[in-house]
Amino acid sequence: MTKLSKDFYTRNDVVKIARELIGKELFTCIHGQLTSGIIVETEAYHGRKDKACHAYPDVHTARTEIMYKEGGRAYVYLCYGIHHLFNVVTNKEGKADAVLIRAIEPRYGLDYMLFRRKLTKASNKVSSGPGKVGQALGISTVMTNISLLGDQIWIEDKDINIDIETSTRIGVEYAEEAALFNWRFLAKNNVYVSNK
DNA sequence: CCTACGATCTGCT
DNA sequence: GCAGATCGTAGGG
């Protein structure tokens with residue numbers, strides 16, 4: 001088994017982890033249904049130091065409390081009332097770092113992902129954006145805080161090598177200087193990365 | 001209690 | 001290209 005270990009997630013460099021997650025395979029097994037995809041787009045959010053992060057400057061609420069916990073768990077929240085966005089919590093307890101998974105290239109269980117997405121034919125519409133990833137993999141806010149070392153959501157290293165590009169993060173124009181950080185990572189020339 | 005708005009997506013023009 | 005959907009979260013009264 002090549003499942004990523006707690007040591008991978010608890011390191012003190014969320015930007016590096018966001019880059020390293022490109023090319024890893026994200027799995028969910030929900031109600032017995034196994035689905036997976038290669039991660040092709042991520043964004044790093046750096047806790048209390050990052051104006052784009054929900055925990056900035058030191059916000060402790062029922063929602064954000066999950067990000068302050070030890071790395072290696074899921075942070076899932078509802079965006080625009082509709083979309084369930086999946087993040088990987090990283091670093092030690094108290095830091096509130098997380099990586100948003102923005103796009104995957106489907107691998108296992110494509111038919112079931114199409115069903116969840118209410119689509120009939122395969123295309124990049126299945127998983128080319130953070131809301132789509134959540135829906136395709138069956139992830140919802142009730143799964144926030146679950147361990148990534150368990151058997152519902154986990155990530156495996158398949159030794160895949162991918163050319164990586166960087167850019168500024170999407171949808172965080174309000175975050176002043178933090179909006180300019182090149183903390184978005186994407187697989188070069190991959191059709192499953194999100195638009196814009 | 002009440003209000004404003006968001007780490008988005010879709011459908012229509 | 002743009003408006004509408006849709007509701008939990010956070011902050012203020």
Side-chain angles (χ1 to χ4, degrees), chain A residues 9 14-19 21-22 26 37 39-69 71 73-91 95-106 113-146 148 153 155 165-187 191-196:
Chain A
Y9 298 110
V14 69
V15 176
K16 180 177 182 178
I17 293 172
R19 176 186 284 274
L21 282 172
I22 301 291
L26 171 62
I39 296 169
V40 295
E41 182 176 343
T42 63
E43 284 178 358
Y45 286 86
H46 191 197
R48 302 183 305 242
K49 297 172 187 159
D50 175 7
K51 284 183 182 168
C53 183
H54 293 157
Y56 177 86
D58 193 14
V59 174
H60 285 265
T61 63
R63 180 179 71 154
T64 64
E65 210 55 48
I66 309 305
M67 273 197 289
Y68 286 90
K69 297 191 181 196
R73 70 190 68 232
Y75 169 52
V76 185
Y77 77 95
L78 189 68
C79 186
Y80 294 102
I82 307 172
H83 308 291
H84 298 255
L85 272 54
F86 169 71
N87 298 253
V88 174
V89 177
T90 72
N91 214 332
K95 299 293 190 179
D97 289 356
V99 177
L100 172 66
I101 305 301
R102 292 189 53 89
I104 63 171
E105 178 179 327
M113 287 193 262
L114 288 170
F115 169 71
R116 285 176 177 144
R117 293 274 298 122
K118 300 180 171 38
L119 297 171
T120 50
K121 78 180 217 258
S123 77
N124 69 342
K125 287 184 166 52
V126 181
S127 52
S128 57
K132 300 175 193 176
V133 168
Q135 192 178 29
L137 292 176
I139 295 169
S140 75
T141 53
V142 301
M143 295 170 194
T144 199
N145 198 34
I146 70 170
L148 300 180
I153 307 178
I155 301 174
E165 290 182 302
T166 64
S167 83
T168 54
R169 293 173 293 179
I170 305 294
V172 296
E173 296 78 10
Y174 61 87
E176 301 175 6
E177 78 283 351
L180 302 177
F181 299 166
N182 286 310
W183 285 357
R184 176 176 176 236
F185 300 96
L186 46 137
V191 299
Y192 286 92
V193 302
S194 67
N195 300 314
K196 185 141 182 188

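Numbered from 1 within each chain, the chains take letters A, B, ... in sequence-line order. The structure displayed is predicted, hence computed values, not measured ones.
- For A:Arg102 and B:dT8, the shortest distance from a side-chain N or O to OP1 or OP2 is below 4.0 Å.
- Phosphate proximity of B:dA7 to A:Tyr174: present, with a side-chain N or O under 4.0 Å from OP1 or OP2.
- A straight line from OH of A:Tyr45 to P of B:dG6 spans 13 Å, rounded to a whole angstrom.
- With hydrogens and angles ignored, the 3.5 Å screen pairs a side-chain donor or acceptor of A:Arg117 with a backbone N or O of A:Val126.
- For the pair A:Arg184 CZ and B:dT8 P, the computed distance is 10 Å after rounding to whole Å.
- One interatomic measurement links the two molecules: CD of A:Glu173 to C1' of B:dA7, which rounds to 10 Å at whole-angstrom precision.
- A:Tyr68 and A:Asp58 form a side-chain donor-acceptor contact under 3.5 Å, judged by distance and modelled atom types alone.
- Inspection of the A:His54 and A:Tyr75 side chains reveals an N or O donor paired with an N or O acceptor under 3.5 Å.
- Here B:dT8 presents its P atom at 6 Å from OH of A:Tyr77, a figure rounded to the nearest Å.
- Seen from the ring of A:Tyr45, A:Arg169 counts as a face-on cation partner, given the 6.0 Å and 45° thresholds.
- Contact annotation for A:Arg169: no contact, since no heavy-atom pair falls under 4.0 Å across all strands.
- Nearest-nucleotide positions on DNA chain B place A:Val172 closer to the 5' end than the other of A:Gln135 and A:Val172.
- Using a 4.0 Å heavy-atom criterion, one finds that A:Thr64 contacts the sugar-phosphate atoms exclusively.
- Using a distance-only test at 3.5 Å, with no hydrogens or angles considered, no donor-acceptor pair links the side chain of A:Glu41 to the main chain of A:Gly129.
- Heavy atoms of A:Leu100 sit under 4.0 angstrom from at least one base atom.
- The separation between A:Leu119 atom CG and B:dC9 atom C1' is 12 Å, rounded to whole Å.
- A:Lys51 has its NZ atom 15 Å from the P atom of B:dA7, to the nearest Å.
- In this structure, the nucleotide among B:dA7, C:dT6, B:dT10 sitting nearest to the side chain of A:Ile82 is C:dT6.
- Rounded to an integer number of Å, the gap from CG of A:Asn87 to P of B:dT8 is 11 Å.
- Heavy atoms of A:Leu78 sit under 4.0 angstrom from primed sugar atoms or phosphate atoms, though from no base atom.
- By the 4.5 Å heavy-atom criterion applied to side chains, A:Met113 and A:Leu137 are counted as neighbours.
- Atom CD1 of A:Ile66 and atom P of C:dA10 are 11 Å apart (whole Å).
- Look at A:Arg63 and you'll find a side-chain N or O under 4.0 angstrom from OP1 or OP2 of C:dA10.
- Between A:His83 and A:Thr61, the residue anchored closer to the 5' end of DNA chain C is A:His83, taking for each the nucleotide with the nearest heavy atom.
- One can find a donor-acceptor pair under 3.5 Å joining the base of B:dA7 and the side-chain atoms of A:His54.
- DNA chain B contains the following stems of three or more consecutive Watson-Crick or G-U pairs, with both distances under 3.5 Å: B:1-6 with C:7-12, B:8-12 with C:1-5.
- Both geometric conditions, a ring-centre gap below 5.5 Å and a plane tilt below 30°, are not fulfilled together for A:Tyr80 over the base of C:dA5.
- In terms of modelled atom types and a separation under 3.5 Å, the side chain of A:Ser127 and the main chain of A:Ala103 share no donor-acceptor contact.
- Taking side-chain N and O atoms only, A:Lys132 has a distance below 4.0 Å to OP1 or OP2 of B:dT10.
- A:Leu26 places a side-chain heavy atom less than 4.5 Å from the side chain of A:Phe86.
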